[in-house]
Each structure stands twice: as structure tokens, then as C-alpha cells.
Amino acid sequence: MAVEKGVKPTVNHQTPAEQDKERMLPPTPLRLFWTFLAIGAFTFGGGYAMIPLIKKSIVERPRWMEDEEFVDAIAIAQSSPGPIAVNIATLTGYKLSGLGGALFSVVGATLPSFIIILVVASIFLGVQHNSYVRAAMAGMRPAVIALMAQAVLDVGKTAVKSRFSIVLGLLALVALTVFNVHPVLVIVAAAAAGVAASRLGLAQVPNGAEQKEQNKETR
Amino acid sequence: MMVLNLFLTFFKIGLFSFGGGYAMIPLIQREIVTLHRWLTMSQFIDVIAISQVTPGPIAINAATFVGYKVAGVWGSAAATAGVVMPSVLVSLGLTWAFLRYRSLAVVKAMFTGIRPAVVALIVAATLSILPSSITNFAGLLIALLAFLAIRYFKLDPILALVLAAAIGILIG
């Protein structure tokens, strides 16, 4: 089978027979639910932090997807609005087990944060005026700024490269901060500008996923 | 009525939050703090901080928290369902289109514009919460130390927040 082609030898305590057995498990909706429940429960910070864990749980251990399919999945997940974990859960579930699979995967990925925040919120709203809690939050608020500044640098490094993207980014910033334009309008306008620019040949964005995809098409 | 309002508001947030994480902060802030006044600015920053030290996407965390505060468990369920639903629907649509056409050329073109705008959104979010986050010299020091520690000494962001909370208690 073609699946065997990309299998790398992995260091594992299981016997090859056990590994094969685990790889053969079919992706039923219920099994997808448990897989994404584990992913949702152990990814802190959200977003790209979860990609290695997702990869491990659906590409490496049960070989439900090939590496290239996973790269495509990430590209689509990044193109959809909303949390990347929810998007990956949706399209993995859909691809492997239809609409039921998508539904079970999304509920699995969402449930851990939902329950944890429910507990945290009910405790926090009760103790938020406690002097220790207030002092702790006062200490955390400036650190949030530091985290966001990191995000600006990290995202900026990959997203702002061409002259087109610098100009567009600055225009968007001025619109948001100086003219108080609604964020939705800024996103829609930026998307339109992107389409216009690529039609006119002003911008091209070869990223990793796209590159792989092109390789696939020419193969 | 409030439950429906929560659902619709978070549906809108979910539909237009590209780039994930911090990029959705300006939109959440506009809807939750400015428009509906469900949270104050400093409560909003607290929710961001809490989201960072708990597992899961920031959007879901914010939805669950705000929903619970405004309308209890049903409110949090409605807000969470609202924020997740657009992602599911659009992802399904894109997967279908991709499986059919093997290409997302228009979507990719849109993203050449959206990606730089996402950076602008995060900068705008940082600027708008800055006055409520850093209110004194100690705060400025914590922010700078946390930034340097994460950037140059690879300190884990969750650990940075926990340490900042400990410093807050020590000097508070």
C-alpha cells in the first residue's frame, strides 16, 4: 500500500506488531472524539503550539493521514477563520469519517477548554476582589503585553516580507488605531486588496505549504 | 434573549477571526468591552491572561468566560457554540472545495492581504490594552523583563505569566 512508503523508522517501546495494530485502528467518530479530546486538553497557548501534538496523534501513531495530506490540512486550517485546532479537527474528522467524524472531533477539541474555563470562571468571579488575586492579576497584566509583543515579532517575521505587505500592514494599522475602523472591515478590505494585488501581479506568497502542494501537483 | 445575543455576537467574532489567537483580540474587545460592556477593560485583560495559562484556543476560552459571566452555564455554551460554528462551516466548505478543485487560489490570494493585516491587528490590540496593563513603573519593569526572558532566554510564556503573578503578590 502507498501508506507504507513514507513510514520512517521510529524509536518506540512497542513491538512492531503492536505498532501495526495501533496504526490499523479505523478512525471512527468516537475514536476521533477521544483523540481530539486529548489534543484539546494538553495544548496550552493555543494555535501553532498544537500542531506537533495533532501531527503525532493522527499522522504518526494511527496513520490516518499521510504527511502531505497533513500539510494540506494545515494550509486549509490556516485559511479558515477561527481557532486552528477547531479547523484541523473539522477537516480531519470530515476527511476520515464524514460529517459525524467532523462533529465528534470538534466537540472533542472544544470540550476540555470549555470545562476548564467554566470551572476557572466560577472560581475567579468569586475571588476576583481578594487582595492576593488582585495583586497576582496586576502582575500578570504587564506580562500579557510582553507575550503580545512576541506575537507581533513572530507573526510579523513571516507575514510582512514584501513591499506590498509592509504598505498594507501599515495602512491597516493606521485604519485600526487612528481612524478606529471596525476590525471586520479591515480584514475584508485586506482580503480584497490581496486578491486585487495577485490579479495585477503585485504580490506572490510562496509559503511552505503551497510549495509542497505545487510539488504534489507536478508529480 | 441574552443567550441568543451571546451566540450571535460570538458567531460574528468567530467568522472574522483570521490568524487565530491575538489577532482576534481587537474584534473581541470591540464587541465585548466597547459595544456590549459585558467586561471592563481590565477584566478583559485578565481573561487574556487566564486564557494563556489554561489549555485551548484563546477564542474558546474568552467565549466560555464571557458567556458564563453574562448568563451562566447556558450563556457559556451559547457563546462557545457561536464562536466555533463559523470555523466548522468554513473549514468544511474549504475542504470540499479543495478536494474538488485541488487548489485554493482565490483563498490564497486573499491571504496575501489578510496576513499583513493580522500583524496590524495584533499591534492594535497591544496598543489598546497597554494603558490598562502597564499602570506604573513596576508594571513596565515586569513587561520588559518578561519580554526579554521569553525572547532571549526562551522562557516558557506560561511560566512567565506565573512568575509575573508571583511578583505581583510579592510587591502588591
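Below, chains carry the letters A, B, ... as their sequence lines are ordered, and counting in each starts from 1.
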Quick one: which of B:G93, B:A77, B:A166, B:A81 has the most heavy-atom pairs under 4.5 Å with chain A, could you say? B:A77
List the atom of A:A121, the atom of B:Y68, and the distance in Å for their closest heavy-atom pair. CB-CD2, 3.8 Å
How many angstroms lie between CD1 in B:I142 and CZ in A:R141, if you round to the nearest 0.5 Å? 11.5 Å
Residues of residues 98-106 of chain A contacting chain B, heavy-atom criterion under 4.5 Å, by residue number: A:L99, A:A102, A:V106
Which heavy atom of A:L168 sits nearest a heavy atom of B:G113, and at what distance? CD2-O, 3.0 Å
Determine whether B:I60 and A:V86 satisfy the following criterion, side chain to side chain contact (heavy atoms under 4.5 Å, CB included), listing intermediate values before the conclusion. CA-CA 10 Å; B:I60 295 177; A:V86 173; 3.7 Å; yes
Distance-minimising heavy-atom pair for A:F164 and B:T112: CE2-O, 3.5 Å
Would you name the heavy atoms of A:G169 and B:A120 that are closest together and state the gap between them? O-CB, 3.4 Å
From CA spacing to verdict: side chain to side chain contact (heavy atoms under 4.5 Å, CB included), A:L153, B:F147: CA-CA 11 Å; A:L153 295 178; B:F147 180 83; 3.6 Å; yes
Residue among B:A143, B:G67, B:G72, B:A146 with most heavy-atom pairs under 4.5 Å to chain A: B:A143
So for B:S42, is it side chain, backbone, both, or neither that comes closer than 4.5 Å to the heavy atoms of chain A? both
Heavy-atom cut-off 4.5 Å, strictly under: side chain, backbone, both or neither for A:I116 against chain B? side chain
Side-chain atoms of residues 175-183 of chain A: list all donor-acceptor pairs with protein atoms under 3.5 Å, sequence neighbours left out, distances to 0.1 Å.
from   : atom 1 : to     : atom 2 : distance (Å)
A:T177 : OG1    : A:L173 : O      : 2.7
A:H182 : ND1    : A:V184 : N      : 3.1

So which part of A:L125 gets closer than 4.5 Å to some heavy atom of chain B, the side chain, the backbone, both or neither? side chain
Name the residue from B:L130, B:L127, B:L140 that meets the side chain to side chain contact (heavy atoms under 4.5 Å, CB included) definition with A:I145. B:L130
Interface moiety of A:V133 toward chain B, non-hydrogen atoms closer than 4.5 Å: neither
Approximate separation, where rounding is to 0.5 Å, of B:L163 CG and A:M140 CE: 10.5 Å
Answer yes or no: is there a side-chain heavy-atom contact under 4.5 Å between A:Q128 and B:D46? no
Let's test your reading of the structure: which of A:A77, A:A143, A:P112 forms the most heavy-atom pairs below 4.5 Å with chain B? A:A143
In Å and rounded to the nearest 0.5 Å, what is the CG to OG distance from A:L91 to B:S91? 5.5 Å
The interface call for B:A125 against chain A, heavy-atom contacts under 4.5 Å, is both
Taking every heavy-atom pair that is under 4.5 Å apart, which of B:V123, B:L89, B:V162 has the most such pairs with chain A? B:V123
The test is side chain to side chain contact (heavy atoms under 4.5 Å, CB included); show your working for B:L161 and A:V144 and say whether it passes. CA-CA 7 Å; B:L161 282 175; A:V144 169; 4.2 Å; yes
Heavy-atom pairs under 4.5 Å with chain B are the metric here; pick the option from A:A190, A:A193, A:A138 that has the most. A:A190
Only pairs of heavy atoms separated by less than 4.5 Å count here; which of B:A124, B:A63, B:A160 has the most with chain A? B:A124
Relative to chain B, which segment of A:S131 carries a heavy atom at a distance below 4.5 Å: side chain, backbone, both, or neither? neither
For residues 148-156 of chain B, please give each side-chain donor-acceptor pair under 3.5 Å, one per line with the distance, not counting sequence neighbours.
from   : atom 1 : to     : atom 2 : distance (Å)
B:R151 : NH1    : A:Q150 : OE1    : 3.4
B:R151 : NH1    : A:D154 : OD1    : 3.1
B:K154 : NZ     : B:R151 : O      : 3.3
B:D156 : OD2    : B:I158 : N      : 3.2
B:D156 : OD2    : B:L159 : N      : 3.4

B:Q29 portion near chain A, given a 4.5 angstrom heavy-atom threshold: neither
A:I76 side, atom CD1; B:L94 side, atom CG - distance, nearest 0.5 Å: 7.0 Å
How long is the span from the CD atom in B:Q43 to the CZ atom in A:F124, to the nearest 0.5 Å? 7.5 Å
Part of A:R134 within contact of chain B (heavy atom distance under 4.5 Å): neither
Salt bridge (Lys or Arg N to Asp or Glu O under 4.0 Å) partners of residues 163-172 of chain B, not counting sequence neighbours, each pair once: none
Of the backbone (N, CA, C, O) and the side chain (C-beta and beyond), which part of B:A138 lies under 4.5 Å from a heavy atom of chain A, both, or neither? neither
Shortest non-hydrogen pair, B:P116 vs A:S165, comes out as CB-O, 3.3 Å
Looking at A:A189, A:A192, A:A159, which one has more heavy-atom pairs under 4.5 Å with chain B than the rest? A:A159
Kindly indicate whether the side chain of A:I187, heavy atoms from C-beta on, has any atom under 4.5 Å from the side chain of B:L121. yes
For the residue pair B:G139 and A:P142, what are the closest heavy atoms and their distance? O-CB, 3.1 Å
Identify which one of B:V47, B:N61, B:T54 satisfies the side chain to side chain contact (heavy atoms under 4.5 Å, CB included) criterion when paired with A:V120. B:T54
Which distance, rounded to the nearest 0.5 Å, do you find between the CD1 of B:I48 and the CE of A:M148? 5.5 Å
Part of B:T126 within contact of chain A (heavy atom distance under 4.5 Å): both
